[in-house]
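Presented below is the structure to which this report refers.
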2 protein chains.
Amino acid sequence: MKKNITIRDIAEALHTTPSTVSRALAGSPRIGESMKGAVRAMAESMGYIPNARAVSLRTGKGSLIGVIVPSINRDFFSSIIDGIESVASEKGYNIIIGQSRDDVEREKALVDEMFRGRVDGLIVCLAYTTSKYDHFMPIWRSGLPLIFCDRSPKNLTTARVNIDDYQAARSSAEHLIKQGCRRIAFFGGAENVDVFFERKKGFLDVMHKYGLPVIPDLVYDDAINFEKGQAAARKVLALKKSEYPDGLFACEDYTAIGALTVFRENGFRVPEDLCICGFGNEEIASYVSPGISSIDQSSFEQGYQASLLFFEAQKSSDPSKFTTMITLPSRLVIRGSSMRHPL
Amino acid sequence: MKKNITIRDIAEALHTTPSTVSRALAGSPRIGESMKGAVRAMAESMGYIPNARAVSLRTGKGSLIGVIVPSINRDFFSSIIDGIESVASEKGYNIIIGQSRDDVEREKALVDEMFRGRVDGLIVCLAYTTSKYDHFMPIWRSGLPLIFCDRSPKNLTTARVNIDDYQAARSSAEHLIKQGCRRIAFFGGAENVDVFFERKKGFLDVMHKYGLPVIPDLVYDDAINFEKGQAAARKVLALKKSEYPDGLFACEDYTAIGALTVFRENGFRVPEDLCICGFGNEEIASYVSPGISSIDQSSFEQGYQASLLFFEAQKSSDPSKFTTMITLPSRLVIRGSSMRHPL
DNA sequence: CTGAAAGCGCTTACAG
DNA sequence: CTGAAAGCGCTTACAG
């Protein structure tokens with residue numbers, strides 16, 4: 001490891017002191033213009049790059065946002081990160097990223113690690129299995145901003161950005177019904193996760209409103225990816241033909257696509273025999289055939305707003321008491337998988 | 001911002017000194033077992049979390065890897081990041097991520113920022129437009145590991161991980177020819193980018209080997225995304241029917257899919273009239289219909305290996321002279337878009 | 001077995 | 001307009 005240039009090196013080269021160099025570089029009015037010029041030129045020519053760790057240790061500010069997501073490698077989350085990064089880089093902040101891999105233990109470890117690394121706060125999409133929130137205590141206790149994005153704690157008043165999953169689910173369910181579906185299957189996720197709870201509630205309320213039966217054999221609460229979507233579809237196929245669904249409400253696009261492949265392999269025509277709606281509007285939803293109708297969650301926008309919220313919280317007198325909640329509009333994007341009648 | 005617990009606080013609570021607390025926490029054999037126990041218990045109960053910035057300022061080691069990619073929000077890059085993160089988190093390292101958005105200027109700014117933040121080194125997928133590498137000087141100069149991943153500097157001996165783009169391109173081109181294609185279009189990327197240069201070379205060499213003409217009207221060197229793929233396809237459609245291609249070699253999956261949509265809208269049957277091969281084996285390649293044949297670039301594995309290389313470089317006596325290059329195997333995944341004859 | 005002191009690279013009250 | 005000194009939170013030679 002070679003030695004790096006420090007302000008002391010610059011000071012020595014100019015026969016002045018570190019104090020003066022520091023001030024000159026910061027553009028302090030206390031330093032004369034000629035000195036400023038000389039310092040800057042010297043810093044430039046020596047290839048000086050300030051040591052952010054020393055600065056942050058001294059000032060307590062670090063220009064670092066910790067971001068924790070279940071997985072980097074999913075369109076939804078990487079778009080959120082994209083949104084966060086867009087605002088952050090604008091403000092001169094860097095982001096440090098950790099994957100919880102939907103494991104609370106890893107999430108907890110990441111919170112600690114990031115706190116150690118003295119991030120200026122955290123933006124978090126909760127792991128699928130997270131139902132207790134004690135591991136965020138160090139952040140709250142130290143008064144750092146903590147913003148949740150999309151997957152947020154249930155029954156807890158904390159700053160967050162999300163979409164109105166309940167309303168979104170309602171619009172999706174109503175759409176299926178208007179397409180003529182009567183026996184609608186529900187492939188959802190664990191109800192302890194806020195968003196899945198809301199989606200199911202929206203679905204159930206609409207079914208009730210239209211006086212349609214919710215058929216237990218067609219309801220699955222652990223079908224949140226491609227494989228599990230396939231598995232649930234296979235279970236449905238084990239029913240008698242007369243009990244087959246004519247509609248599918250899936251809580252994730254991957255679920256919907258998994259189910260689509262199985263149903264089509266088994267002779268279902270989509271949307272004629274079975275209308276399918278997904279959730280999330282992942283890029284692939286528009287590439288499969290037929291395209292999957294889906295709820296657009298404005299993932300980039302969610303990240304973007306969460307990042308803005310972060311900086312707002314930071315400015316507030318006590319960030320740990322900052323509890324602004326933003327709900328972004330969502331919209332149903334209708335595609336071939338549920339379009340029996342042109343709109 | 002509330003006050004954080006420091007080793008001094010623990011020391012005071014136990015009527016001892018910071019030195020002892022530091023040693024006890026580090027498990028130094030110089031401290032007695034009873035004192036260690038007391039220190040650990042107190043640290044635990046006070047909710048002590050070490051300040052990594054202070055540690056790294058003192059020790060010069062920081063447990064931070066800087067990662068620069070063109071875009072987070074693409075399956076290929078996010079898989080690479082996933083691979084990097086997997087190794088890093090195993091070793092107790094965090095990663096800090098920046099998006100160059102394929103802009104050299106932003107890439108340069110990110111290198112500086114990250115160096116400022118005193119990362120322990122960098123793993124980089126170059127921006128599309130990067131053809132000079134001076135902005136990596138601060139990293140080299142300070143002797144930090146710098147590993148390139150997939151998109152690497154041309155004509156420069158630096159540590160890197162990539163696949164053999166040349167061979168991969170050859171296998172893809174040969175496959176098209178074996179499917180009976182004779183007039184093969186080429187939709188590529190800027191040749192100053194290593195990988196695109198190699199892919200084109202592979203394509204040209206195979207065409208030459210089989211004595212097939214490379215038709216200038218069917219060659220495009222700036223078609224590296226969905227829209228540009230569509231645009232290039234439209235230009236091809238402006239040719240006379242007799243000049244239409246019967247095969248398409250695309251240097252990106254998005255290119256291939258963009259072209260696919262345009263060609264099909266214009267009555268081309270794929271693969272009967274036109275065989276298409278993409279590159280990258282993005283997730284969507286398998287979801288479109290017909291599926292796009294593509295070169296699997298083992299993106300996760302590339303990131304994984306780059307991360308391992310990083311730690312190897314770090315251990316070497318002079319990381320800036322560490323120039324191990326790893327070439328991973330790639331393979332052609334054949335799907336409907338190019339399968340005229342079953343294999 | 002434990003402590004006092006220096007120092008990593010900065011910034012900033014304090015002093016002149 | 002500029003400098004000397006303290007201190008952010010640690011670790012680690014040096015000393016006992």
Side-chain angles (χ1 to χ4, degrees), chain A residues 1-40 42-43 46-64 115-120 138 142 144, chain B residues 1-40 42-43 46-64 115-120 138 142 144:
Chain A
M1 189 81 61
K2 289 154 198 169
K3 199 180 162 307
N4 290 314
I5 307 298
T6 70
I7 53 169
R8 152 159 264 112
D9 297 322
I10 300 175
E12 277 168 9
L14 291 169
H15 301 294
T16 178
T17 63
S19 317
T20 301
V21 172
S22 171
R23 290 193 181 102
L25 256 18
S28 160
R30 291 176 48 182
I31 305 294
E33 283 311 319
S34 66
M35 179 56 106
K36 274 185 192 167
V39 168
R40 280 179 191 143
M42 183 57 77
M46 293 177 79
Y48 171 70
I49 295 183
N51 183 330
R53 286 182 184 163
V55 174
S56 85
L57 180 57
R58 178 60 230 243
T59 64
K61 279 218 30 176
S63 309
L64 241 200
F115 187 76
R116 245 194 197 68
R118 289 303 185 267
V119 293
D120 296 298
S142 65
L144 295 175
Chain B
M1 191 78 60
K2 289 154 199 172
K3 199 180 160 308
N4 289 315
I5 307 297
T6 70
I7 53 168
R8 153 159 262 111
D9 298 322
I10 300 173
E12 277 168 8
L14 291 169
H15 303 293
T16 178
T17 62
S19 319
T20 301
V21 173
S22 172
R23 289 193 181 103
L25 256 18
S28 159
R30 291 177 46 183
I31 305 295
E33 282 312 319
S34 66
M35 179 57 103
K36 275 184 192 167
V39 167
R40 279 177 192 146
M42 182 59 75
M46 293 175 82
Y48 171 70
I49 296 184
N51 183 330
R53 287 183 184 160
V55 174
S56 85
L57 180 59
R58 178 59 230 245
T59 63
K61 279 219 31 176
S63 309
L64 243 200
F115 187 75
R116 245 194 195 70
R118 291 297 185 275
V119 293
D120 297 296
S142 65
L144 294 175

Response to the item:
note: B:Arg30, atom CZ; C:dG3, atom P; distance rounded to Å ~ 11 Å
Practice prompt. Measure from the side-chain heavy atoms of B:Thr6 and tell me the nearest of C:dT12, C:dT2, D:dC10.
Written response: D:dC10
Discussion item. Rounding to an integer number of Å, can you tell me how far B:Asn51 CG sits from C:dC8 P?
Written reply: 18 Å
Worksheet item: Base, sugar-phosphate alone, or nothing: which one does A:Ser22 contact when heavy atoms must sit under 4.0 Å apart?
Response: base
Worksheet, complete the sentence: Output for pair (A:Leu14 CG, A:Thr20 OG1), nearest 0.5 Å, gives 10.0 Å
Discussion item. Both B:Met35 and A:Arg53 contact DNA chain C. Taking the nearest nucleotide for each, which residue is further toward the 5' end?
Written reply: B:Met35
Worksheet item: How close or far is atom C1' of D:dT12 from atom CG of B:Leu25, stated in whole angstroms?
Response: 15 Å
Worksheet item: To the nearest angstrom, how far is A:Ile7 atom CD1 from C:dT12 atom P?
Response: 11 Å
Worksheet entry | For D:dA13, the Watson-Crick or wobble partner whose two distances fall under 3.5 Å | none
Worksheet entry | Separation of atom CG in A:Leu57 from atom P in C:dT12, rounded to whole Å | 13 Å
Worksheet item: In whole Å, what is the span from the CE atom of B:Met46 to the C1' atom of D:dG9?
Response: 14 Å
Worksheet item: In the strands shown, is C:dA4 matched to any nucleotide by a Watson-Crick or G-U wobble pair with both distances under 3.5 Å, and which?
Response: none
Practice prompt. Would you kindly give the NE2-to-P distance between A:His15 and D:dT2, to the nearest whole Å?
Written response: 15 Å
Worksheet item: With sugar-phosphate meaning primed atoms plus P, OP1 and OP2, does A:Ser19 contact a base, only sugar-phosphate, or nothing at under 4.0 Å between heavy atoms?
Response: base
Worksheet entry | Length of the line joining A:Lys61:NZ and C:dC10:P, which is rounded to integer Å | 18 Å
Discussion item. Counting only side-chain nitrogens and oxygens, does A:Thr17 get under 4.0 Å of the OP1 or OP2 atom of D:dA4?
Written reply: no
Discussion item. Within the 4.0 Å heavy-atom criterion, would you say A:Thr16 contacts the bases, only the backbone, or no part of the nucleic acid?
Written reply: sugar-phosphate
Worksheet item: Does any N or O in the side chain of A:Lys61 come within less than 3.5 Å of the main-chain N or O of A:Val55, such that one atom is a donor and the other an acceptor?
Response: no
Worksheet item: Taking atom types as modelled, is there a side-chain donor on B:Ser22 or B:Ser19 under 3.5 Å from an acceptor on the other?
Response: no
Worksheet item: B:Ala54 side chain: which of C:dT2, D:dT2, D:dC10 is closest?
Response: D:dC10
